Amino acid sequence: MSLRASTAIDALAEPFTLPCGVVLPNRLCKTAMTEGLGDAQLRATLEHARLYALWGAGGVGLNITGNVMVDRHVIERPGNVAIDIRHPPSIDVEARGRLRAWAESGTASGAQLWMQISHAGRQSPRYATRQPVGPSAVKLDLLGNYKTPRALSEAEILDIIERFAAVAAIAKTCGFTGVQVHGAHGYLISSFLSPVTNRRDDRWGGSLQNRARLLIECVRATRAAVGPAFPVSVKLNSDDFRKGGFSHADCLQVVALLNAEGIDLLEISGGTYEQPQLLGVSGRSGDAVAVRSSSRVREAYFLEYAEAIRAVATMPLMVTGGFRSRAGMETALASGALDVIGLARPFCTDPDCARELLERRIDSLPAHERRLHLAARGWRSPASPILLMKMINVLGTQGWYYQQMERLARGRPIDLQRGLLRSFARYWWDDLSRALRLRRD
């Protein structure tokens, strides 16, 4: 489906027609980043509208929102937006009006705006949920921040499928131009795919086909809810990078299953909270599976994995993670391994960087993460053998980007001088403060 451009710049600027008939204005996508801008009732706010107006006008053809939760009781972090069909205030006139304002702002400049739909599952921290859930009672062991999840019943699984479909329908009626089902990064659907976290012996566990059932049924129900002409995307791990977990071989088989489901765009990523390869780093060394050495020297983290997926997939592909240079993006598109370039962190400080790239005013995107560490090497670095030090680097960097995003959303100038430790402390202060304000009625 990929069209070949006559010049290098055309490769990024060229429109792309999805299987459903919708046309992306160009090949650049601002992929999902959790915003943390929701109010105490987990509703969209003016800050969402302001932020996505900036990003919508910034040159990308497609924006994908941060993960919108289908269950307000099991969220990824305080400040998420939740559309909980079992909780009337989540879907009332006021809540829908806020969603419409978000969608109108994000699409005003002609960019597509897709809602990412997700369930946090076992990756809902102690301060954000009373009881996480998952396919099985397998705890996320990360600095004591997560409770043991309760295994979902059959009825609860079927309810979650209904929730995904209902949220997709609400997104469509409120003006979002597409949806993405989040099946990556260790959240609920991803945890069903992994034999490490899914130890069920019913039709939702065991064989890979059974473990993929929740993903397939969510996609199927979502498509039925929005119709054939509305974009439906899936985000999938190329590999969990964890021993015994969802592997690249598993991914290829799941992609083959998804071929029959009418997907408009498959986004390829990788890793989980325990092995955060999506951020370009590894987690606990004892259960890590190494990223291929040939992938480490390439700009995009998961491009080599995407090349193998391309041989199986019949739907368009997007790869997210690591792209920073025009040359790297053009080379990836020219290789035929993908159709859309997924970008994220550069937009937290430079909301117009896609336009600048398309207009050839810049040749590379900002990469502040390369300088955000306590030390470049050794026990205080992101590669530290000490898990706590590794997490301070990872979460400090993550917090730095969250805080830049929040400044944009509030109409304030970015703060490039903010340090890693200050960002780490503010990360926890913000999330814990928001958790105390959450309304649990």
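All of these numbers come straight from a predicted model, not from anything done at the bench.
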Exercise for the section: Report the relative orientation of the aromatic rings in Trp400 and His368; use parallel for angles under 30°, tilted for 30 to 60°, perpendicular for over 60°. Expected result: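 If you compare the ring of Trp400 with that of His368, the planes turn out tilted.
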
Practice task
Classify the ring geometry between Tyr305 and His248 as parallel (under 30°), tilted (30 to 60°) or perpendicular (over 60°).
Solution key: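 Ring orientation, 0 to 90° scale: perpendicular.
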
Distance-only, no hydrogens or angles: does the [X] side chain make a donor-acceptor pair with backbone N or O of [Y] under 3.5 Å?
X      : Y      : value
Asp84  : Asp71  : no
Arg100 : Cys174 : no
Gln180 : Val232 : no
Arg223 : Gly262 : yes
Thr65  : Gln116 : yes
Asn393 : Lys390 : no
Thr107 : Ala103 : yes
Thr177 : Leu113 : yes
Trp204 : Leu214 : no
Asp239 : Ser247 : no

Residues forming a side-chain contact (heavy atoms from CB on, under 4.5 Å) with [X], sequence neighbours excluded:
X      : answer
Ala82  : Leu42, Met69, Arg72
Ala57  : Ser109
Tyr146 : Pro125, Leu140, Leu142, Tyr273
Glu156 : Arg150, Leu152, Ser153

[atom1]-[atom2] distance between [X] and [Y], expressed to the nearest 0.5 angstrom:
X      : Y      : atom1 : atom2 : value
Leu188 : Ser118 : CG    : OG    : 8.0 Å
Ile83  : Ile170 : CD1   : CD1   : 5.5 Å
Asp352 : Phe347 : CG    : CZ    : 9.5 Å
Leu193 : Phe246 : CG    : CZ    : 5.0 Å
Met318 : Thr31  : CE    : OG1   : 6.0 Å
Cys251 : Ile268 : SG    : CD1   : 5.0 Å

Flag side-chain contact, heavy atom, 4.5 Å: [X] against [Y]:
X      : Y      : result
Met115 : Leu99  : yes
Ser124 : Val74  : yes
Glu47  : Glu35  : no
Ile341 : Val319 : no
His185 : His182 : yes
Asp415 : Gln403 : no
Thr320 : Phe302 : no
Asp264 : Ser233 : no

Exercise for the section: For side-chain hydrogen bond (donor to acceptor under 3.5 Å, both in side chains), just list the numbers for Thr349 and Gln404, CA-CA rounded to whole Å, side-chain angles, deciding distance to a tenth of an Å, and then say yes or no. Expected result: CA-CA 6 Å; Thr349 57; Gln404 305 300 337; over 6 Å; no

Exercise: identify the closest heavy-atom pair between [X] and [Y]:
X      : Y      : answer
Pro316 : Arg310 : CA-NH1, 4.5 Å
Ala337 : Leu317 : O-CD1, 3.6 Å
Asn63  : Ala111 : ND2-CB, 4.3 Å
Asn198 : Phe192 : ND2-O, 2.8 Å
Gly244 : Pro195 : O-CG, 3.0 Å
Thr129 : His73  : OG1-O, 2.7 Å

Exercise for the section: Apply side chain to side chain contact (heavy atoms under 4.5 Å, CB included) to the pair Val181 and Lys235, showing each step before the final yes or no. Expected result: CA-CA 6 Å; Val181 174; Lys235 187 165 190 166; over 6 Å; no

Practice task
Measure from the ring center of Trp114 to the ring center of Phe176 and say whether it is less than 6.0 Å.
Solution key: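 No - the distance between ring centres of Trp114 and Phe176 does not fall below the 6.0 Å cut-off.
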
Problem - Residue pair His373, Thr397: steps toward the side-chain hydrogen bond (donor to acceptor under 3.5 Å, both in side chains) verdict - result: CA-CA 7 Å; His373 45 67; Thr397 300; over 6 Å; no

Problem - Carboxylate-amine/guanidinium contact Glu406 Arg434, below 4.0 Å - result: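 Result for this pair is yes, salt bridge flagged.
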
Practice task
May I ask you to decide whether Asp350 forms a salt bridge with Arg355, counting only side-chain N to carboxylate O separations under 4.0 Å?
Solution key: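 No salt bridge links Asp350 with Arg355.
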
Practice task
Determine, for Phe230 and Lys172, whether the Lys NZ or Arg CZ falls below 6.0 Å from the six-membered ring centre while staying within 45 degrees of the axis.
Solution key: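 Positive - Lys172 is close enough to the ring of Phe230 and near enough to its axis.
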
Problem - Any side-chain donor near an acceptor of the partner, Glu369 and Tyr401, under 3.5 Å - result: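 Yes, side-chain donor-acceptor contact under 3.5 Å.
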
Exercise for the section: Using only heavy-atom distances, determine whether the side chains of Asn80 and Arg77 contain a donor-acceptor pair under 3.5 Å. Expected result: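 Per modelled atom types, Asn80 and Arg77 side chains form no pair under 3.5 Å.
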
Problem - Check against salt bridge (charged side-chain N to carboxylate O under 4.0 Å, His left out), Glu261 and Arg220 - result: CA-CA 7 Å; Glu261 302 305 326; Arg220 224 169 254 175; 2.8 Å; yes

Exercise for the section: Any pair with a residue in residues 188-200 that passes salt bridge (charged side-chain N to carboxylate O under 4.0 Å, His left out), sequence neighbours left out, goes on the list, sorted by first then second residue, please. Expected result: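 Residue pairs with at least one partner in residues 188-200: Arg200-Asp202.
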
Practice task
Show the numbers, then the answer: is there a side chain to side chain contact (heavy atoms under 4.5 Å, CB included) between Leu338 and Leu303?
Solution key: CA-CA 8 Å; Leu338 50 81; Leu303 186 56; 3.6 Å; yes

Handout entry: Chi angles and distances behind the side chain to side chain contact (heavy atoms under 4.5 Å, CB included) call for Val234, Glu267
Key = CA-CA 6 Å; Val234 169; Glu267 180 183 356; over 6 Å; no

Exercise for the section: Given side chain to side chain contact (heavy atoms under 4.5 Å, CB included), test Arg371 with Leu416 step by step and report yes or no. Expected result: CA-CA 11 Å; Arg371 64 175 178 81; Leu416 297 181; 4.2 Å; yes

For residues 375-383, dump all side-chain donor-acceptor pairs below 3.5 Å to protein atoms at least two apart in sequence or in another chain.
unit_1	atom_1	unit_2	atom_2	d
Arg380	NH1	Leu374	O	3.3
Ser381	OG	Gly378	O	2.8
Ser381	OG	Ala383	N	3.2

